[in-house]
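What follows is one structure encoded as structure tokens, with my remarks underneath.
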Number of protein chains: 2
Amino acid sequence: MPKQTFFNLPDEKRMAILDVAIVEFAENDYQSASISRMVARLGIAKGSFYQYFEDKNDLYAFVLDLAMRERLTFVQQHTIAAGQSFFEYVQELLEVGMRFDLAHPYPGRIVYRALFGAEPIPGESRTRIRQSLLDYQRQVLRLGVEMGEIAPDVNLDLAAHMLNAVAADFGGFIAAHFQMSPEGLTPGDMTLLRATFAQATRILRYGLSARPPANGA
Amino acid sequence: MPKQTFFNLPDEKRMAILDVAIVEFAENDYQSASISRMVARLGIAKGSFYQYFEDKNDLYAFVLDLAMRERLTFVQQHTIAAGQSFFEYVQELLEVGMRFDLAHPYPGRIVYRALFGAEPIPGESRTRIRQSLLDYQRQVLRLGVEMGEIAPDVNLDLAAHMLNAVAADFGGFIAAHFQMSPEGLTPGDMTLLRATFAQATRILRYGLSARPPANGA
DNA sequence: CAGTCATGTGACTGACCGGTCATAATGTAT
DNA sequence: ATACATTATGACCGGTCAGTCACATGACTG
């Protein structure tokens with residue numbers, strides 16, 4: 001946790017620090033993110049940084065949790081609409097996730113990095129956000145089962161993983177690899193992306209097979 | 001490309017250098033991988049390194065290509081067996097990929113890192129191996145279409161991405177995140193993993209849906 | 001032997017890192 | 001004005017880094 005001093009800061013300065021930190025941890029992995037660079041960009045003294053935070057990890061854990069909460073809250077606002085089928089809902093969730101990553105590329109990248117990065121991250125941050133994401137996905141999938149749209153014999157943990165992988169491909173992946181700014185997207189791009197989501201959801205729903213599924217397990 | 005000097009080295013020494021480099025680039029991303037650490041581990045002078053390689057990236061690109069080639073060759077050896085259905089074959093490819101990553105965790109991790117890492121990698125290395133992987137996956141999926149087991153209206157590029165995501169979850173992901181050594185796997189573990197592959201393949205094939213797919217597009 | 005060329009060496013450079021600390025500035029309550 | 005607590009500062013520490021270079025070693029020539 002950041003020190004009290006940090007929370008005593010005027011809002012503007014506190015925000016400025018977080019903004020810079022978010023960019024720094026989005027563009028560099030934990031190891032390579034540089035406190036020296038951040039304080040230089042902020043125009044504050046190195047020592048001031050250590051008035052606000054215990055150490056590098058203190059800031060990182062705070063920023064990562066913030067980014068994860070932002071993203072999850074944004075997505076969770078979208079609940080299923082009346083008359084909507086479960087898989088239409090899933091498609092919408094994928095879209096919403098991607099919209100977040102396009103509109104807020106930095107938080108998106110931080111989360112993506114923490115989820116899929118191979119570098120060690122000190123502390124429990126990675127475990128924590130992984131857990132919260134899987135919890136949410138399992139909850140969504142349970143809804144699909146309750147609605148009778150997901151076969152009851154599907155392993156939900158596995159399905160959550162696969163959903164995760166697909167979502168990462170379309171959300172975090174785009175934010176992390178394309179240097180796409182949300183403004184740079186033409187309406188045509190959006191239509192194209194939406195069509196792709198529809199196809200992906202269809203595959204998730206019915207699979208790649210040319211034939212109907214066998215009944216039962 | 002490494003300098004001629006490197007290729008003039010006695011086989012044993014050349015191998016030793018590659019072995020150390022593979023571990024270094026598997027355990028650290030490009031930025032954090034350290035030449036100083038490698039030469040220390042090898043017991044050679046820093047200067048010698050620069051007799052063999054232009055710079056850090058020269059070695060990295062070489063090692064990454066090597067790892068990718070190894071993995072792809074290993075997987076490609078497995079062609080479809082007579083009487084085998086396409087999706088059985090896909091399941092087997094997933095398994096084979098995972099077996100490679102378990103038996104050779106370091107090359108597996110390097111490839112995974114290059115494919116999914118968010119850090120910049122100098123040069124074209126990343127683009128190159130991504131391309132070669134997608135090419136292979138598209139080729140496999142085309143086989144599925146030819147065999148009439150994949151619906152002809154499925155977008156193969158998208159399917160390749162999804163296959164990729166799933167494979168990464170089970171291959172690179174395991175190698176990258178578990179500190180699992182191949183010896184540490186009990187026969188029970190292998191059975192469990194195989195069952196998971198079967199479930200994942202079933203989802204890829206028939207989807208999550210409780211109902212048969214609609215006909216046509 | 002001397003001459004030449006490929007190979008090996010490690011001290012060194014300049015840069016950057018995370019983190020510390022003595023000191024200075026600022027605010028605040030009396 | 002004085003005393004006290006909080007906050008701000010940047011030089012500094014030990015460490016690591018990629019990359020260089022003047023020089024040493026060795027191997028093969030004549």
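Since this is a predicted model, take the numbers as computed values, not measurements.
Shown for residues 46-59 of chain A: residues whose heavy atoms fall under 4.0 angstrom of DNA chain D, namely A:K46, A:G47, A:S48, A:Q51, A:Y52.
One finds a salt bridge joining A:E149 and A:R205 here, because a Lys/Arg side-chain nitrogen approaches an Asp/Glu carboxylate oxygen to under 4.0 Å. No salt bridge links B:D29 with B:R113; every basic N to acidic carboxylate O contact stays at or beyond 4.0 Å. Salt-bridge check for B:D101 with B:R71: passed, with a basic side-chain N closer than 4.0 Å to an acidic carboxylate O.
Both the sub-6.0 Å distance and the 45° axial angle are not jointly satisfied by A:K3 relative to the ring of A:F53.
A:A33 comes within 4.0 angstrom of the backbone, heavy atoms only, and of no base. Counting non-hydrogen atoms under 4.0 angstrom, B:K3 reaches nothing in the nucleic acid.
Nucleotides of DNA chain D that come within less than 4.0 Å of any heavy atom of chain A span, from the 5' end to the 3' end, D:dT7 to D:dG10.
Ring to ring, B:F116 and A:F116 are not that close: their centroids are 6.0 angstrom or more apart.
More than 12 heavy atoms of other shown residues, nucleotides or ligands fall within 6.0 angstrom of atom CD in A:E92.
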Practice task
Test A:V20 against A:V39 for side chain to side chain contact (heavy atoms under 4.5 Å, CB included), laying out the working first.
Solution key: CA-CA 9 Å; A:V20 167; A:V39 298; over 6 Å; no
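Between A:Y52 and A:F6, the ring-plane angle classifies as tilted under the 30° and 60° cut-offs.
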